[in-house]
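Naming: A, B, ... by sequence-line order, numbering from 1 per chain. Keep in mind that the numbers below use all heavy atoms, side chains included, and drop hydrogens, waters and symmetry copies.
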There are 2 protein chains.
Amino acid sequence: MPKNEASENVTADDVAVAAGVSRWTVNRAFKKDASISPMTREKVMQAASQLGYLPDLRAAALASDKSNLVALLVDDFANPHKLVMLERLTRALRSRGWDTLLVNTLNAEDAGPAIANASQRRVDATILIGIQFDDEVLAAALGARRLQKLIIFARTSENPNTISIAVDDAAATREIAQYVLDRGYKRPFYFAGPRTVSAHLMRKETFLAHWLKHTDQTVPSMSAPSYDANIAAEMVGHQFANQQETTRPDIIVCENDALAIGTIDAIRHQLGLRVPEDIAVIGFDDVPLAASPNYKLTTYRQPLTAMADYLVDVLEQSESKDMTRTFHGQLITRDSA
Amino acid sequence: MPKNEASENVTADDVAVAAGVSRWTVNRAFKKDASISPMTREKVMQAASQLGYLPDLRAAALASDKSNLVALLVDDFANPHKLVMLERLTRALRSRGWDTLLVNTLNAEDAGPAIANASQRRVDATILIGIQFDDEVLAAALGARRLQKLIIFARTSENPNTISIAVDDAAATREIAQYVLDRGYKRPFYFAGPRTVSAHLMRKETFLAHWLKHTDQTVPSMSAPSYDANIAAEMVGHQFANQQETTRPDIIVCENDALAIGTIDAIRHQLGLRVPEDIAVIGFDDVPLAASPNYKLTTYRQPLTAMADYLVDVLEQSESKDMTRTFHGQLITRDSA
DNA sequence: ATCAATCTTGCACGCGCGTGCAAGCTCTTT
DNA sequence: AAAGAGCTTGCACGCGCGTGCAAGATTGAT
């Protein structure tokens with residue numbers, strides 16, 4: 001029979017016998033920074049690769065109570081920016097030895113069960129990158145303590161039991177507002193996303209406040225039920241149909257690029273107007289499509305790579321106190337505003 | 001002290017004591033279709049929820065050698081269609097009790113390690129939804145047997161040790177080709193994606209063959225290095241700059257929507273032409289953006305939900321023989337062609 | 001009231017590896 | 001050449017739960 005025919009279930013014991021050492025030495029060989037002589041390790045690794053052995057991470061997690069696994073809860077797959085975030089996060093995590101459990105929060109009621117589910121896998125941390133995670137969900141999550149760390153990614157959170165890694169929304173929005181002022185726009189309109197958590201309103205509130213302070217005028221606005229370009233397009237088309245040039249806005253400031261892209265489509269194809277000549281548009285996120293020759297969207301780019309790297313720093317930290325941190329991004333000016 | 005203050009590490013034993021039963025009865029209570037009286041189960045569940053107990057899935061996986069976990073290997077986050085696939089797959093999986101390990105294949109050389117990584121988590125199946133998984137990678141994956149099932153999703157594969165769940169590419173492409181013929185286009189151009197695996201060339205080959213057979217003419221083509229709209233736009237702008245109306249194509253058939261969207265952008269903004277009047281465009285996938293008023297892309301929609309459901313069927317099957325299956329989608333005709 | 005058929009419950013053993021310590025070993029220092 | 005100092009290796013015990021069987025409890029029919 002072939003040498004490694006019965007490679008069904010090779011354990012460290014098998015390798016130990018083959019290499020003439022104890023099982024513990026085998027596992028040491030696979031552990032970085034373990035106390036083992038180079039010669040022995042080489043011998044073990046050779047036997048291991050011959051038998052096709054790789055340590056069982058389930059057992060390791062069970063024994064050490066450390067899984068090197070994080071859960072990523074997502075509930076908003078309509079927003080293309082989520083794909084970028086997923087890429088950056090999984091890249092940073094995996095390149096530093098962490099695995100990712102992707103949990104689709106099926107619907108509003110499912111957030112609780114989704115978190116419970118992750119906790120049953122005994123993940124070392126739970127990362128929320130969705131939007132529907134309102135205060136109740138957070139409370140439930142914090143209650144089901146087991147998920148050692150609760151990290152809110154790319155969203156600020158004022159909950160003290162939570163670690164938030166995000167751009168400074170207020171500063172970013174002020175920069176945007178100032179840009180709008182500086183370029184001489186007179187009648188801005190703010191297009192917000194779903195208003196589930198108070199923190200999510202920060203961008204809108206900041207913009208309105210800034211504008212009021214500098215021009216003494218209020219800014220009209222509306223909210224989309226989700227960050228979906230097609231829905232945004234419908235709303236914009238509906239909202240500004242048959243409006244006079246003097247009453248319609250000269251710029252629509254969108255809470256993110258998904259809304260901005262829908263807005264541009266609607267301005268051009270439903271209102272029959274030009275961007276930016278008739279109505280300018282600003283977004284937030286700098287999704288790949290924002291750079292396309294079609295949209296040339298002026299938007300705000302978050303330092304996602306740095307944020308993802310910092311997230312792994314947080315994971316590797318034993319203490320989770322005072323880990324919340326905000327970053328600064330940059331306004332990318334293109335042709336749309 | 002509070003009642004459940006020390007809810008650090010509640011195990012089935014703790015619940016057993018609280019409920020006055022054995023540990024095994026506790027675990028039975030959490031297992032569907034287990035032999036347990038309703039009264040006992042109720043009693044156990046009450047004690048469990050009071051203590052905040054939930055079974056440890058690591059231990060369960062270790063003991064039963066069944067993890068209810070699948071690995072999803074992705075290497076192409078530039079294609080927006082991936083986000084749709086992720087949503088559909090995680091939805092189908094989670095709603096039927098499966099968890100998903102999202103593995104970002106960092107680069108071409110990382111495919112092997114990524115698969116090994118997944119196998120160390122002892123996943124019940126590995127699902128490939130990327131493109132760079134060429135024959136060598138497949139061989140390596142099959143070698144590292146441990147990932148019981150190797151499923152290629154949304155791509156056909158002729159490898160007999162693999163389970164492929166995809167649309168019938170040949171039939172779909174013939175339908176597209178026939179549509180192009182029927183609409184009277186004369187000078188098609190085929191825009192393909194990365195040519196890594198032989199199977200990936202099927203769409204292009206099929207289109208070319210169909211056209212040759214029906215018109216006796218060959219179709220020019222080119223290949224993008226990745227499914228990225230911005231790169232596609234550049235390539236199209238470069239390829240057709242300064243071409244006469246009589247020599248340039250009257251329709252560009254794209255291997256998928258990412259390429260098609262870039263193509264439309266380039267036609268309009270770099271070539272200064274109209275879609276579909278000057279050059280028509282056809283895609284494949286029906287990404288959300290394809291329906292936007294800006295693109296109105298004629299494209300081919302895969303029955304992703306049915307495919308994802310079938311994937312879970314496959315997982316729940318003990319035998320993995322002859323599970324490969326192809327589906328039929330439909331051509332969605334919009335304005336772009 | 002009795003017996004068999006059915007339901008419910010308890011349990012020994014194992015899944016594969018980590019932890020922390022102690023014994024064995026090698027090498028340097030005087 | 002002998003004694004520490006530092007390096008390597010081995011091991012008992014435990015992580016939390018599943019499997020399969022056997023004992024105990026319950027039910028219905030006779």
Side-chain angles (χ1 to χ4, degrees), chain A residues 7-45 47-48 51-69 97 119-124 146 148 318, chain B residues 7-45 47-48 51-69 97 119-124 146 148 318:
Chain A
S7 69
E8 299 266 331
N9 226 352
V10 192
T11 86
D13 283 302
D14 302 329
V15 179
V17 172
V21 298
S22 74
R23 172 176 76 69
W24 293 272
T25 300
V26 172
N27 289 338
R28 272 198 195 90
F30 280 90
K31 194 173 180 181
K32 233 177 149 52
D33 309 324
S35 158
I36 187 173
S37 80
M39 237 185 52
T40 315
R41 169 172 270 153
E42 176 58 27
K43 191 171 55 178
V44 170
M45 293 311 252
L51 296 173
Y53 168 79
L54 282 179
D56 184 331
L57 259 34
R58 294 172 308 184
L62 182 58
S64 71
D65 203 35
K66 169 81 159 68
S67 61
N68 264 274
L69 223 201
S119 90
Q120 287 193 260
R121 294 273 176 195
R122 302 297 188 261
V123 296
D124 291 335
R146 200 38 138 340
Q148 321 291 4
S318 55
Chain B
S7 68
E8 298 266 330
N9 227 352
V10 192
T11 85
D13 283 302
D14 302 330
V15 179
V17 172
V21 297
S22 72
R23 173 177 73 71
W24 294 271
T25 301
V26 172
N27 290 339
R28 271 198 197 90
F30 280 90
K31 193 173 180 180
K32 233 177 149 51
D33 308 323
S35 158
I36 187 175
S37 80
M39 237 185 53
T40 315
R41 169 171 269 152
E42 176 59 28
K43 191 172 53 177
V44 170
M45 294 311 251
L51 296 173
Y53 168 80
L54 283 178
D56 183 331
L57 259 34
R58 293 172 309 182
L62 182 58
S64 70
D65 204 34
K66 170 83 158 67
S67 61
N68 265 274
L69 223 202
S119 90
Q120 287 193 260
R121 293 274 175 197
R122 301 298 187 260
V123 296
D124 290 335
R146 201 33 139 341
Q148 320 292 3
S318 56

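- Axis angle between the ends of the helix from dA1(C)-dT30(D) to dT30(C)-dA1(D), five pairs each and rounded to 10 degrees, works out to 30°.
- Side-chain contact between Ser67(A) and Arg121(A) is absent, with no heavy atoms from C-beta onward closer than 4.5 Å.
- Sorted by first and then second residue, the pairs that involve residues 51-62 of chain A and meet salt bridge (Lys or Arg N to Asp or Glu O under 4.0 Å), not counting sequence neighbours, are Asp56(A)-Arg58(A), Asp56(A)-Arg122(B), Arg58(A)-Asp65(B).
- Partners of Ala19(B) by side chain to side chain contact (heavy atoms under 4.5 Å, CB included), not counting sequence neighbours, listed by chain and number: Val21(B), Val44(B), Ala47(B).
- Every residue two or more places apart in sequence or in another chain that forms a side chain to side chain contact (heavy atoms under 4.5 Å, CB included) with Ser64(A) is listed here: Lys66(A).
- With sequence neighbours left out, the side chain to side chain contact (heavy atoms under 4.5 Å, CB included) criterion links Ser37(A) to Met39(A), Thr40(A).
- Heavy-atom distances under 4.0 Å link DNA chain C to Ala59(A), Ala60(A), Ala63(A), Ser64(A) of residues 58-68 of chain A, given in residue order.
- First and last contacts of DNA chain D with chain A, using any nucleotide atom under 4.0 Å from a protein heavy atom and ordered 5' to 3', fall at dT8(D) to dG16(D).
- Among residues two or more places apart in sequence or in another chain, the side chain to side chain donor-acceptor pair (under 3.5 Å) test is passed with Asp14(A) by none.
- Residues forming a salt bridge (charged side-chain N to carboxylate O under 4.0 Å, His left out) with Lys31(A) (at least two apart in sequence, or on another chain): none.
- For the segment residues 14-21 of chain A, the set of residues with a heavy atom within less than 4.0 Å of an atom of DNA chain C is empty.
- With sequence neighbours left out, Asn68(A) forms a side chain to side chain donor-acceptor pair (under 3.5 Å) with no residue at all.
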